[in-house]
Amino acid sequence: MAVHIQKRQDYISWDEYFMGVAMLSGMRSKDPNSQVGACIVSEDNKILSMGYNGFPKGCSDDEFPWAREGEPLDTKYLYVTHSELNAILNYRGGSLEGAKLYVSLFPCNECAKAIIQAGIKTVIYDCDKYEHTPSVIASKRMMDAAGVRYYKYKRSGRKIDITV
Ligand SMILES: O=c1[nH]c(=O)n([C@H]2C[C@H](O)[C@@H](COP(=O)(O)O)O2)cc1CO
Ligand SMILES: [Zn+2]
């Protein structure tokens, strides 16, 4: 008689998988203060794109500034591309209509515009450390108006350990 072998039970969930991929992408960031990662997923759970915050192509990580304070031209803010925008721009396959975005930090107002216009319908975020800033308040206002759903990722507490 055939022996029935049960499937593994401790496999990671879709949410752990996609937020894990977003966080892993963020580990590529050179930003000394905030490493942000994003992962765009189709409605049927296929990964479409990933991104992290960094300077645009050709703009050297060693020459452009990483400072948070000082003259505007001497800070990172005028130069850095956010993880969500990078993930949207990295996708060359066509439409993102109806897609989901996993991101380790709540999207700012500029990313919210790109998310809405790209047709992304759901945002799953981890940290919301800038929730009281005008940028994030405006972001939520726009996503509410545009019908983009957003919800906080529920951390499972599972430690995902990969040795590479
Ligand atoms: O949605 C976002 N996505 C994103 O990639 N970022 C990036 C831009 C900067 O490199 C960094 C924020 O820097 P800081 O926390 O030091 O202000 O995170 C920042 C936001 C703001 O919410
Ligand atoms: Zn942004």
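In each ligand, atom 1 is the first atom listed, and ligand 1 is the first ligand listed.
Residues Ser139 and Tyr130 form no side-chain contact, since every pair of their non-hydrogen atoms from C-beta on lies 4.5 Å or further apart. The shortest side-chain heavy-atom distance between Asn45 and Lys100 falls under the 4.5 Å cut-off. Put simply, the side chain of Ile47 reaches to within 4.5 Å of the side chain of Phe18, judged on heavy atoms.
Asp74 contributes atom CG, which lies 15.0 Å from atom CH2 of Trp66 (distance to the nearest 0.5 angstrom).
Atom 22 (O) of ligand 1 has its closest protein heavy atom at Phe106 O, 3.0 Å. Protein heavy atom at the shortest distance from atom 3 (N) of ligand 1 is Glu84 OE1, 2.9 Å. Ser34 CB, 3.7 Å is the protein heavy atom nearest to atom 12 (C) of ligand 1. Among all non-hydrogen protein atoms, the one lying nearest atom 7 (C) of ligand 1 is Asn53 ND2, 3.5 Å. Remark: minimum distance from atom 5 (O) of ligand 1 to any protein heavy atom is reached at Ser83 N, 3.0 Å. Scanning all protein heavy atoms for the shortest distance to atom 13 (O) of ligand 1 gives Lys76 NZ, 3.1 Å. Ranking the protein heavy atoms by distance from atom 9 (C) of ligand 1 puts Asp31 OD2, 3.4 Å first.
Within the listing of ligand 1, atoms 1 (O) sit less than 4.0 angstrom from a heavy atom of Pro107. Of all atoms in ligand 1, numbered sequentially from 1 with element shown, those under 4.0 Å from a heavy atom of Val80 are 8 (C), 9 (C), 10 (O). Close approach to Asn33 involves these atoms of ligand 1, each under 4.0 Å from a residue heavy atom: 14 (P), 15 (O), 16 (O).
Classification of the Trp14-Tyr17 ring pair by plane angle, with boundaries at 30° and 60°, yields tilted.
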Intermediate values then yes/no, salt bridge (Lys or Arg N to Asp or Glu O under 4.0 Å), Asp31 and Lys76: CA-CA 9 Å; Asp31 190 318; Lys76 63 186 172 185; 2.9 Å; yes

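In this structure, Tyr77 counts as a contact residue of ligand 1, since one of its heavy atoms falls inside 4.0 Å of the ligand. Taking 4.0 Å as the cut-off, Cys111 does not count as a neighbour of ligand 1 on heavy-atom distance.
Asp44 and Ser42 are linked by a side-chain donor-acceptor pair at a separation below 3.5 angstrom, with hydrogens and angles left out of the test. Defined by atom type and a distance below 3.5 Å, a donor-acceptor pair is present between the side-chain atoms of Asn53 and Ser29. A donor atom on one side chain and an acceptor atom on the other are found under 3.5 Å apart for Asp144 and Tyr150.
Here the shortest heavy-atom pairing between Pro65 and Thr75 reads CG-O, 3.6 Å. In terms of heavy atoms, Asp128 sits closest to Phe106 at OD1-CB, 3.2 Å. The shortest heavy-atom contact between Glu97 and Glu43 is O-OE1, 4.3 Å. Across all their heavy atoms, Met142 and Asn109 have their closest contact at CE-O, 3.4 Å.
The part of Arg68 lying near ligand 1 is the side chain, judged by heavy-atom distances below 4.0 Å. Of the heavy atoms in Tyr130, only side-chain atoms (C-beta onward) come closer than 4.0 Å to ligand 1.
The distance criterion of under 3.5 Å between nitrogen or oxygen atoms is met by Cys108 with respect to ligand 1.
Protein N/O/S atoms found under 2.8 Å from the Zn ion (ligand 2), listed by chain and residue number: His82 ND1, Cys108 SG, Cys111 SG.
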